[in-house]
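Labels below follow one simple rule: chain letters A, B, ... track the order of the sequence lines, proteins then strands, and each chain is numbered from 1. These numbers were taken from a predicted model, which means no experiment stands behind them.
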Number of protein chains: 2
Amino acid sequence: MRITSSIEYATRLMVTLAAEHGKAPLPAERLAEIDNVPADFVSQILVKLRRAGLVTSHRGSAGGYSLSRPPREVTIEQVVRAVDGSVFEEVCERYDAGSKDCRHQGQCAISPVWTKLGEIVTRYFESVTLAAILEQKAGSCGAVPAWLEKLAPGK
Amino acid sequence: MRITSSIEYATRLMVTLAAEHGKAPLPAERLAEIDNVPADFVSQILVKLRRAGLVTSHRGSAGGYSLSRPPREVTIEQVVRAVDGSVFEEVCERYDAGSKDCRHQGQCAISPVWTKLGEIVTRYFESVTLAAILEQKAGSCGAVPAWLEKLAPGK
DNA sequence: CCATTCCTGACCTTTTTAGTCAAGAATGGG
DNA sequence: CCCATTCTTGACTAAAAAGGTCAGGAATGG
């Protein structure tokens, strides 16, 4: 399982924009420099973020991108969904869509495992805001959350 | 984020073998039929599971594969690791290995998010055994675990 | 001794990822 | 009103990963 470059880059961009929230908009090219992401790729990603309503663009000189909402109202879940379309795929659709011998219908034992994993990942992403990431030195992001500690290790 | 076919298929195979645990070994071709997985692909996956010590092979007629250990001692984490090498990639290595302008060194704000996500996924997989999947109708697998309920929704 | 079954590694095709590029359209400072 | 700046759109491409196939060989046990 992996984090794609789109997700990694989009998160960098959003964190940078969050740090600049309230100030002048940042041009895409400037963002590319700051976050060390290929310039043309940055534009592609920003388009997706804009279409998802997460950033606002301003054309002309002194234009650029800025956050549409304050950092504490933007979650990683929103960012991931904006660039990848969804947080976690529907496994059943992928492997057995419409087929009679679907292993995920009715008595299927495995399907709930993937479904629950998707919930867990989604909920975690929903719990992390850009503001929390910016404040991580205070421990609001880097620390393992209490609910995670409660999960008994397997075996 | 997605579950690869190797993971999905390997899990099917392991669950099927778990149901047959204690009985005669199942040939790869038979497993392919039961689980609706391409026969040649099944062999590839079984090799990985065997090298990881999760299944045992027996050659000759009446040979086949069987679980090396009882279903309650095998977790999804072990299965995923066997076929994919790891449960969750190291994001930092992927995008900034060794570079000076790594965004994940020192003051990096994002790295802990991916690290924690990896922990969450790994711990969940460790908490699900083949035995639990087989008993899912009794609710031991399909139900959302208590610790997940405690996570406050984002926003 | 031979049918059965596993073993190994190379090979191939398709899809996804990760970018690149070019032409155009809006904006606003001067 | 002009023009440099900046975003917008969509097509294009190269590389990697996923997903699957194949052939030849080596054990095993009936």
Exercise for the section: Would you check if there is a donor-acceptor pair between the side chains of A:T56 and A:S68 at a distance under 3.5 Å? Expected result: yes
Handout entry: Distance, rounded to the nearest Å, where A:E89 contributes CD and D:dA18 contributes P
Key = 12 Å
Handout entry: Under the side chain to side chain contact (heavy atoms under 4.5 Å, CB included) test, residues paired with A:V47 that sit two or more places apart
Key = A:R50, A:R51
Give the table of side-chain donor-acceptor pairs shorter than 3.5 Å for residues 16-29 of chain A, with sequence neighbours excluded, one pair per line with atom names and distance.
residue : atom : partner : partner atom : Å
A:T16   : OG1  : A:R12   : O            : 3.0
A:T16   : OG1  : A:D35   : OD1          : 2.7
A:T16   : OG1  : A:D35   : OD2          : 2.9

Handout entry: Contact letters for nucleotides 25-30 of chain C, in which S counts primed atoms plus P, OP1 and OP2 and B counts the base, heavy atoms under 4.0 Å
Key = BSB---
Practice task
Kindly say if B:Y65 contacts the phosphate of C:dT5, meaning a side-chain N or O under 4.0 Å from OP1 or OP2.
Solution key: no
Practice task
Please state whether the phosphate of C:dA18, meaning OP1 or OP2, lies under 4.0 angstrom from any side-chain nitrogen or oxygen of A:Y9.
Solution key: no
Fill in the blank from the handout: Separation of D:dT21 atom P from B:E29 atom CD, nearest Å, is 13 Å
Exercise for the section: Take atom CG of B:D40 and atom P of D:dG24, then tell me their distance rounded to the nearest Å. Expected result: 14 Å
Handout entry: All side chain to side chain contact (heavy atoms under 4.5 Å, CB included) counterparts of B:A52, not counting sequence neighbours
Key = B:L54, B:A82
Exercise for the section: Tell me which of A:V47 and B:S6 sits closer to the 5' end of DNA chain D, going by the nucleotide each one is nearest to. Expected result: A:V47
Exercise for the section: For the residue pair B:E8 and A:W114, confirm or rule out a side-chain donor-acceptor distance under 3.5 Å. Expected result: yes
Problem - d(CD1, B:I45; C1', C:dT8) in whole Å - result: 16 Å
Handout entry: Atom-to-atom span, CD1 of B:I7 to P of D:dG20 - whole angstrom
Key = 14 Å
Exercise for the section: With side-chain contact (heavy atoms from CB on, under 4.5 Å) as the test, would you mind laying out the steps for B:V113 and A:T11 before giving the verdict? Expected result: CA-CA 10 Å; B:V113 179; A:T11 307; over 6 Å; no
Handout entry: A:T129 side-chain N/O to A:E73 backbone N/O, donor-acceptor pair under 3.5 Å
Key = no
Exercise for the section: Determine which pairs satisfy ring-ring contact (aromatic ring centres under 6.0 Å, His included) with at least one residue from residues 27-82 of chain B, sequence neighbours left out, and list them in order. Expected result: B:Y9-B:F41
Exercise for the section: Could you tell me the separation between the CZ atom of A:F41 and the C1' atom of D:dG10, rounded to a whole number of Å? Expected result: 15 Å
Exercise for the section: Provide, to the nearest angstrom, the distance between the CG atom belonging to B:L46 and the C1' atom belonging to C:dT8. Expected result: 14 Å
Completion exercise
Under a 4.0 Å heavy-atom criterion, the protein footprint on nucleotides 9-17 of chain C, written with B, S and -, is B------S-
Exercise for the section: Compare side-chain N and O positions of B:S57 against OP1 and OP2 of C:dT5 and report whether any pair is under 4.0 Å apart. Expected result: no
Exercise for the section: Return yes if some donor-acceptor pair links the side-chain N/O of A:E33 with the main-chain N/O of A:R30 below 3.5 Å, else return no. Expected result: no
Handout entry: Nearest-angstrom distance from the residue atom CG of B:L49 to P of C:dT8
Key = 14 Å
